[in-house]
Amino acid sequence: MKVGAKHYRSIWYDDAEQVVKVIDQRWLPHEFRVVDLKSRDDFAVAIRDMWVRGAPLIGATAAFGVAEEMKRDPSDASLAETWDVLHATRPTAINLRWALNEMRDILWELPEVDRANAAHKRALEISDEDVECNRQIGLHGLEIIKKIAATKKPGEAVNILTHCNAGWLATVDWGTATSPMYHAVEAGIPVHIWVDETRPRNQGAQLTAWEIDSHGVSHNLIVDNAGGHLMQHGDVDLVIVGTDRTTSHGDVCNKIGTYLKALAAKDNGIPFYVALPSPTIDWTIKDGVAEIPIEERDGDEVTKVWGKLEDGTVNHVQISPDGTTGGNPAFDVTPARLVTGLITERGVCAASRDGLAALFPERVLD
Ligand code: MRU
């Protein structure tokens, strides 16, 4: 998507400089910084410390991390160690394991001398595939928005609530939850976006608000607790969120607070859709609450808030007593029964085993 007049992806390979570049998202919206990732440690730190984040982008970054490491040392030992080091960075987003497995499965079969080129090629493909998946998600999601616009809101904006950042910054391009919104704007359908701030790291305030503002999409930033109230008063027509891992039976794990939005949407009869490329589906598990590992992050993310100070510098401020420690589960699980539908690159399906099986019949489901 565009930053100013220039088109950016969130990660890319610079052929001239022969280096992987990413947008360092820790500084947004206040500063737009692009950084180079070179060593395996650079990639691991960038994922773990959330210079890059969002399930699809985490996967793409890991793929490039393997590719760059193969240029340095293409041995079996290096491949296995790189898988382990990168896999240990963040536990919940399944795209990480998916991308690492893709890379390992291809490279393992090849002689060492061929690995660097093959890894580079596959990392580029994974990036391109993500962009295309998200474009397709946008087209399928657009149909949902079109229908609401025609039946419920002729001549008025469709009000869409989203949580966290499932935008182009969380993917390689387009975003998942935001792709239908961008496609609606392109199609001339007025939309208004309620952007949950998404405590504690405020991905909504810092990233989603920045990216949709950059594209001129009407929006308001709201506190995380406002969604239920807006729904009760008829101010939300549709919820679209992303996901870090969706089970083979349609349970959805996403940023902490998503579950509460789904409960409120159910209580108010508001459609609650989840947008995801298929690498976000964990076909090996059924029950999200029981089986998905939930990342527990540093309590300081809760007791301190990061932002721009009056003197223009960006820094943290402490918001709680010195003796209070934060508890910080980063994701929660929304059971499939609360999800109206899954928007995938192959179309929209029910959040269920049968729904997913209809779209992905090649997957083995029990
Ligand atoms: O902790 P984050 O910022 O990596 O969490 C991101 C989310 O929860 C997104 O909603 C999810 O990854 C979907 S991104 C298309």
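Side-chain atoms are counted along with the backbone in the values below, which use heavy atoms only and exclude waters and symmetry mates. We count ligands from 1, going down the list as the structure has it; atoms in each ligand are counted the same way. We're numbering straight along the sequence, starting at 1.
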Answer whether the closest heavy-atom distance between the side chains of Phe43 and Lys38 falls below 4.5 Å.
no
Does a sphere of radius 6.0 Å around NZ in Lys121 hold more than 12 heavy atoms from other residues, nucleotides or ligands, not counting ones at 6.0 Å or beyond?
no
Lys/Arg cation over aromatic Trp174: Arg135, 6.0 Å, 45° cone
no
Protein residues having a heavy atom less than 4.0 Å from any atom of ligand 1
Met50, Arg53, Gly54, Ala55, Pro56, Arg90, Cys164, Asn165, Ala166, Ala170, Thr171, Thr176, Gln203, Gly242, Thr243, Asp244, Asn254, Lys255, Phe331
For His30 and Trp306, I'd like to know if the aromatic rings sit close, meaning centre-to-centre distance below 6.0 Å.
yes
Would you say the rings of Phe360 and Trp283 are close, in the sense that their centroids are separated by under 6.0 Å?
yes
is_close_aromatic(Tyr8, Phe32), centroid dist under 6.0 Å
yes
